[in-house]
Protein chains: 2
Amino acid sequence: MEKKNRTSLSQKWENQLSQAGYRITQPRRAILDIIAETERPLTPVEIFDLAGAQSAGIGLVTVYRTIEKLEELHLVEHVHHLGDCQTVFRCSEQHQHLLICTKCGSSYYFDGLEVEEQFNQIGKKFGYRITEHWLQLAGLCEECQKNNPKDRK
Amino acid sequence: MEKKNRTSLSQKWENQLSQAGYRITQPRRAILDIIAETERPLTPVEIFDLAGAQSAGIGLVTVYRTIEKLEELHLVEHVHHLGDCQTVFRCSEQHQHLLICTKCGSSYYFDGLEVEEQFNQIGKKFGYRITEHWLQLAGLCEECQKNNPKDRK
DNA sequence: TTGATATTGACATTCATTTTCAATAAGAGC
DNA sequence: GCTCTTATTGAAAATGAATGTCAATATCAA
């Protein structure tokens with residue numbers, strides 16, 4: 001059995017799951033690693049495939065259930081990848097907004113403090129009291145701008 | 001056959017569909033009317049139910065197909081109704097953002113010119129060239145704030 | 001080490017959406 | 001107004017994502 005290179009992030013998640021009373025199992029560990037390591041949103045099936053490649057015999061159901069727990073503890077969240085209403089995932093910290101590359105999917109979180117104040121203003125204009133907002137930016141990351149000199153599909 | 005009170009919006013859509021080479025059928029007309037008349041996002045099934053109440057025998061499949069065409073002509077768009085990744089619909093004009101009431105679902109569109117400039121700035125910070133953005137605000141509308149004196153669920 | 005039980009994976013089930021296909025109806029051309 | 005081509009329709013079947021069921025298994029507290 002080879003020693004896995006656990007990231008500090010998945011270690012942290014593991015502790016939080018444990019503290020919340022959940023057990024740490026091999027399948028869960030594999031799934032945590034995948035999500036923590038990957039710098040872009042993933043679909044449940046993608047996670048399933050990646051995890052399956054590492055340790056055999058992980059069920060897709062377990063992926064859904066693990067995601068559920070992580071979501072409950074606010075360790076991952078659902079994000080929307082371009083117009084399409086695909087359920088994908090990305091680990092997050094605090095309440096932040098996603099900036100995602102339309103080509104390679106690489107993404108960052110940013111806090112929207114500059115804009116959040118304006119949201120309240122806009123709401124006020126229409127008589128609304130804003131309680132939630134949903135913001136996501138998409139574009140080409142530095143890398144993909146280089147590799148995309150003109151506009152290849 | 002009673003005369004329907006067609007809204008000017010559905011009339012306009014009808015013309016655009018026609019100009020795009022699509023035929024105007026009774027089912028399509030009913031679906032157009034529903035979407036144009038309704039001031040909140042609707043799921044395909046909701047549209048199906050509402051349309052079915054008006055003229056019998058409209059298939060759910062036709063609802064999906066009509067939405068498809070309307071979307072193609074940018075007459076409706078998919079929106080996300082709060083965290084949940086439910087596919088719902090709402091008619092829109094131009095590129096605008098949705099402001100939606102979490103209680104009754106009533107909604108407005110607003111142009112986000114004030115904030116859009118800032119989006120580019122944020123992107124620049126991370127080396128991204130922003131090409132799309134996705135913004136939705138939710139809260140309580142004036143009416144629901146009144147009817148919701150404390151915080152009834 | 002042991003034992004209660006949370007978790008697992010296989011399978012069945014549900015629900016939303018898409019595909020298939022023969023029957024029908026829209027509308028262009030006469 | 002009538003005819004004919006073909007886009008459109010609805011029913012049924014097919015797909016696909018997500019959830020529920022359940023006996024076997026693995027975790028971890030004692």
Side-chain angles (χ1 to χ4, degrees), chain A residues 1 13-34 41-73 76-81 83-89, chain B residues 1 10-11 13-34 41-73 76-81 83-89:
Chain A
M1 179 83 58
W13 287 359
E14 216 172 288
N15 294 338
Q16 292 192 250
L17 277 173
S18 196
Q19 276 168 30
Y22 297 119
R23 294 181 180 172
I24 306 305
T25 64
Q26 282 314 313
R28 270 186 192 164
R29 207 165 255 166
I31 294 167
L32 256 58
D33 280 348
I34 298 291
L42 295 169
T43 64
V45 174
E46 279 177 321
I47 296 169
F48 170 72
D49 289 341
L50 289 167
Q54 297 204 346
S55 13
I58 290 182
L60 182 54
V61 196
T62 302
V63 174
Y64 280 107
R65 286 189 283 223
T66 303
I67 287 168
E68 210 174 272
K69 305 267 182 299
L70 290 173
E71 211 177 353
E72 192 184 307
L73 299 177
V76 303
E77 69 176 334
H78 288 255
V79 301
H80 304 279
H81 201 344
D84 249 350
C85 188
Q86 216 180 352
T87 58
V88 277
F89 298 93
Chain B
M1 181 82 55
S10 58
Q11 278 290 357
W13 287 358
E14 215 174 288
N15 293 339
Q16 290 191 251
L17 277 173
S18 195
Q19 275 168 31
Y22 295 119
R23 293 180 181 173
I24 306 306
T25 65
Q26 282 313 313
R28 271 186 191 164
R29 207 165 256 166
I31 294 166
L32 257 57
D33 280 348
I34 298 290
L42 294 169
T43 64
V45 174
E46 280 177 321
I47 296 169
F48 170 71
D49 289 339
L50 289 166
Q54 296 203 347
S55 13
I58 289 180
L60 181 55
V61 197
T62 303
V63 174
Y64 279 105
R65 284 189 284 225
T66 303
I67 288 168
E68 209 173 276
K69 305 267 183 299
L70 289 173
E71 211 176 353
E72 192 184 306
L73 299 177
V76 303
E77 68 176 337
H78 288 255
V79 300
H80 304 279
H81 202 341
D84 248 352
C85 190
Q86 216 182 351
T87 56
V88 277
F89 298 94

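Order of the sequence lines sets the chain letters (A, B, ...), proteins ahead of strands, with each chain counted from 1.
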5′-ward residue of the pair A/Arg65/A/Leu60 relative to DNA chain D: A/Leu60
Which is more 5' along DNA chain D, the nucleotide nearest B/Lys69 or the one nearest A/Glu68? Just name the residue.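 Looking at DNA chain D, the more 5' nearest nucleotide goes with B/Lys69.
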Within the sub-3.5 Å range, which N or O atoms of nucleotides 28-30 of chain D have a protein N or O partner, and how far apart are they?
from, atom 1, to, atom 2, distance (Å)
D/dC28, OP1, A/Ile24, N, 2.7

Tell me the interatomic distance from [X], atom [atom1], to [N], atom [atom2], rounded to whole angstroms.
| X | N | atom1 | atom2 | result |
| --- | --- | --- | --- | --- |
| A/Tyr64 | C/dA10 | OH | C1' | 16 Å |
| A/Glu72 | C/dT7 | CD | P | 10 Å |
| B/Ile58 | D/dA11 | CD1 | P | 11 Å |
| B/Ile67 | D/dT9 | CD1 | P | 12 Å |
| B/Phe48 | C/dT18 | CZ | P | 16 Å |
| A/Gln19 | D/dT27 | CD | C1' | 17 Å |
| A/Leu17 | C/dA6 | CG | C1' | 13 Å |

Within the structure provided, determine whether B/Leu42 and B/Leu50 are in side-chain contact (heavy-atom separation under 4.5 Å).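 Of all side-chain heavy-atom pairs linking B/Leu50 with B/Leu42, at least one is under 4.5 Å.
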Would you say that B/Thr66 contacts B/Leu17 through its side chain, given a criterion of any heavy-atom pair below 4.5 Å between the two side chains?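 B/Thr66 vs B/Leu17: side chains apart.
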How many angstroms lie between [atom1] in [X] and [atom2] in [Y], if you round to the nearest 0.5 Å?
| X | Y | atom1 | atom2 | result |
| --- | --- | --- | --- | --- |
| A/Ile47 | A/Ile58 | CD1 | CD1 | 11.0 Å |
| B/Leu60 | B/Arg65 | CG | CZ | 10.0 Å |
| A/Ile31 | A/Gln26 | CD1 | CD | 11.0 Å |
| B/Thr43 | B/Ile67 | OG1 | CD1 | 8.5 Å |

Strictly below 4.0 Å: does A/Arg28 bring a side-chain N or O up to OP1 or OP2 of C/dT8?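 For A/Arg28, the contact criterion (side-chain N or O under 4.0 Å from OP1 or OP2 of C/dT8) is met.
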With sequence neighbours left out, what residues match B/Gln16 under side chain to side chain contact (heavy atoms under 4.5 Å, CB included)?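 Result, side chain to side chain contact (heavy atoms under 4.5 Å, CB included) vs B/Gln16: B/Lys12, B/Trp13, B/Leu75.
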Go through C/dC11, C/dT19, D/dT8 for me and flag the one nearest to the A/Val61 side chain.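 The answer is C/dC11.
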